[in-house]
Amino acid sequence: MDGASYPVSPVKVVHSDVVVVGSGTAGMATALALTGAGRRVALLTKTDDLPGGSSLWAQGGVAVALGAGDSAADHAADTVAAGAGLTDPGMARLLAEAGIAEMSALLEAGLPADRGADGKPLLGREAAHGRHRILHAGGDATGRTLVTFLAARVRATPGIAVHTRAMAADLVVRDLGRGRRAQGVLAYEDGVGWVLHVAPHVVLATGGTGQLWAVTTNPPEATGDGMALAARAGAHLADLEFVQFHPTALAVAGPPGRRPLLTEALRGAGAKVLDASGHAFMADEHPDAELAPRDVVARAIGRRVARGEAVFLDLRPLWAAGGAKKFPTVAGICAEVGLDPAAAPVPVAPAAHYHMGGVLTDADGRTSIPGLWAAGEVACTHVHGANRLASNSLLEAVVFAGRVAAALVAESAASQPVAVPVAPTVPGGPAAANLAAQAQTLMAEKVGLVRDGAGLAEAALRLSALSAAAERLAPADDYAGIRAGLELRNRLVLSRLVVEAAKRREESRGAHTRADHPETRDAWRHHQILTYSDLGRGAEAEPALTRENRP
Ligand code: SIN
C-alpha cells in the first residue's frame, strides 16, 4: 500500500456500549442478551441483510440433552470422545449443561421446534452421539429457522442498531496507560464511508473460515475476518490446524466457493456411500460404516476423489420412503441442479466445513485483549478439541453468546477518547477475486484433508507471494471493492496462520492428518497457541489500517 496516494476523507464516529461484529446465531444472540441487560449495541454485518453467516445453511440440528434417559454428562462424554484428546472436559460439561437451559429458554420464547404427537420436541440421532439428542426446527432447515427467529427479534429491538453492508477493517486497540484494550472497530459502510465505532467492548461473532478453501459448505462471507482482525491486533489464536471437512457436499462443478451440504442426518436415516461400481465401501473402512466419525468418512471419500474416482450418496431407499418431505432442503438443492435422488445416487465430495480453532477465549468469551470478546465459530473455547461432534456448533453459539453477554455486563468499562484515524486506502477491487481463487486452490491442494511437510512449506511460500501481490492491487473506491480487498487480506493472513499451525503439528490427530506423520503422539496432546508475530518478519512489516501516522 505504501507509495500509493491516500485520499483523505472524513471518518464518521459512532458511539455505543458494545460493538458486535457478525450476524449469525452468535452475533444476534449476543446482541439480544446485551440489550436485555440495557446495553446499546451496534451490530455490524458485511452482508446485505440479517441474518448472515453459516448458521443459515446449517442442515444439522442442535445437540441438547433433553431426552428421557439422556444427561448433560452423557452429552459431554460424547463431545470429549469426538475431540481426539483435545476437548476440555470442563468446557464440554459447561456446554452440555448450559445448553439445556439456553435451548429450553429459546423453546419457551417460541422457537418453532419439530414436535411429536405428544407435543414434545422430536430428538434425532447423529454419528458419535450415544443418544437421540438432536433437536430440529423445520426439518433439515434448523439453522435457517433459528436465525430467522433471532433476526425477527433483533429487528424488533430498538437498542440494537444494525449496520448492514458494513465491513470491519480493523480493531481499534489502544494502550491507555493501564495496558492495551479494545476501543472499537473501524469499518467501511456502503453509502456512508469510513466509520469509527467507538465502544469499550467489541464482540467478534464472525463465524468460520470455510472460504479459505476452494470447496466449502460455508457461505461467501466465511473468510475468517474475525480471526484475522484479532490476529492483526495481537490476540492469541489456538488450534488453527484443526479444520473439519464435511464428507458429503454435493459434487457439482463450478468456480472455487460454496458447495451445497448433504446433511449427515441422511446417513443417519440409512443413506449409503457408494463408489463408482455401486459398492458401499464405508463398511470396509470402519465398524460404524456410514456413521463412523466425520473425519474417517471424509478421508475415505477424499482418498477416492483424489484418485479421480466418483463417489455417490444413495438416497433412493430413503426417498422411496418419503425422505424428500423430511429433508426439504436437500430435495430443493438436488432439484436446483437437476438431480433426482429417487432415480440415481447423487455425487458427493468432502468440503471445508468448520474450524475447531479460532480466537482463544476463556469460558466467558474473553480473549487475550481486554475489551475484546469472541463467541461462536470464531472463538476457540477448547470445547471441540481436534474434531467437533455433529450439531454442537449451533449450541455453542447460543451458549457462549449468553455467557459473553453476562460476563461483559458484569465488567464496567467506559469508552475512552480515541484518536480518529485517517481514512485508509485499501488495495482491492475486482482483481482481488483472482488472487483469492489462487489462494483457495492452493489451500485445497496443500492444506486439505491430508497434509505433509513439503506441501505445507510450499503453501507458506506461495501464500507470502500472494500477500505481496495483494498489497500491490489498485486502491478500491467502492464498498464491493473495499470488502473484496479486506477479505483477501483476512483470508491470506489466516491461511498463513493455518499453514504455520499445521506445519508445526507433526502428528495426525482428529481432523488434522499428516501423511508424513500418520501416528498420534502423546507429546502432541496439547493445544497450539499462535500470534500474528509467528508469521515472522512479513507479518511485522504489514501495515495496520488504523495506524495514525499514515499520510
Ligand atoms: C450436517 O448436517 O451434516 C452438519 C451438521 C453439523 O455440522 O453439525
Side-chain angles (χ1 to χ4, degrees), residues 24-26 53-64 75 78-79 82-83 87 92 95-96 99 103 114 123-129 132-147 207-210 215-219 222 242-250 258-271 273 282 288 290-298 301 313 315 318 323 326-334 346 348-356 376-377 383-399 510-511:
T25 302
S54 299
S55 312
L56 191 60
W57 305 100
Q59 289 172 28
V62 185
V64 56
H75 183 184
D78 289 343
T79 301
T87 291
L95 174 77
M103 289 313 297
D114 298 347
L123 296 170
R125 188 152 178 188
E126 282 180 0
H129 282 277
H132 283 77
R133 65 166 72 99
I134 316 300
L135 183 92
H136 286 98
D140 60 0
T142 303
R144 180 173 293 271
T145 307
L146 175 60
V147 287
T209 61
V215 175
T216 177
T217 60
N218 292 187
F242 295 115
V243 178
Q244 188 170 74
F245 288 77
H246 196 286
T248 57
L250 191 63
R258 193 172 89 82
R259 298 290 181 275
L261 174 75
L262 300 183
T263 176
E264 184 161 301
L266 293 162
R267 281 174 281 128
V273 182
M282 275 315 301
D288 293 335
E290 269 71 13
L291 291 185
R294 194 171 276 181
D295 59 312
V296 174
V297 184
I301 296 177
L313 193 63
L315 303 176
L318 187 55
K326 196 168 161 215
F327 296 99
T329 308
V330 171
I333 285 167
C334 291
V346 294
V348 291
H353 183 59
Y354 187 87
H355 213 135
M356 274 71 76
E377 189 173 349
V383 89
H384 303 306
N387 207 4
R388 178 179 61 89
L389 184 65
S391 288
N392 262 354
S393 48
L394 290 175
L395 185 72
E396 178 200 25
V398 168
V399 165

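Atoms within each ligand, like the ligands themselves, are counted from 1 in listed order. The structure displayed is predicted, hence computed values, not measured ones. No hydrogens, no waters, no symmetry mates; every other heavy atom, side chains included, goes into these values.
- Closest heavy-atom contact between Met282 and Ala292: CE-CB, 4.3 Å.
- Residue Ile301 comes nearest to Val348 through the heavy atom pair CG2-O, 4.4 Å, listed as atom of the first residue, atom of the second, then distance.
- Selection from Arg267, Arg388, His246, Glu126 by nearest heavy atom to atom 7 (O) of ligand 1 gives Arg388.
- With ring centers used as reference points, Phe242 lies 6.0 Å or more from His384.
- When Arg388, Gln244, Glu377, His353 are each tested for a side-chain hydrogen bond (donor to acceptor under 3.5 Å, both in side chains) with Ser393, only one passes: Arg388.
- Minimum heavy-atom separation, Asp140 to Pro328: OD1-CD, 3.3 Å.
- Protein heavy atom in closest approach to atom 8 (O) of ligand 1: Ser391 N, 2.7 Å.
- Scanning the protein heavy atoms around atom 2 (O) of ligand 1, the nearest turns out to be Thr263 OG1, 2.5 Å.
- Residue His353 has at least one N or O atom closer than 3.5 Å to an N or O atom of ligand 1.
- A 4.5 Å side-chain heavy-atom check between Val398 and Thr25 finds at least one atom pair inside the cut-off.
- A heavy-atom separation below 4.0 Å is found between Ala390 and ligand 1.
- Of the candidates Glu264, Arg294, Gln59, it is Arg294 that places a heavy atom closest to atom 6 (C) of ligand 1.
- By the 3.5 Å distance cut-off applied to N or O atoms, Leu262 is not counted among the residues near ligand 1.
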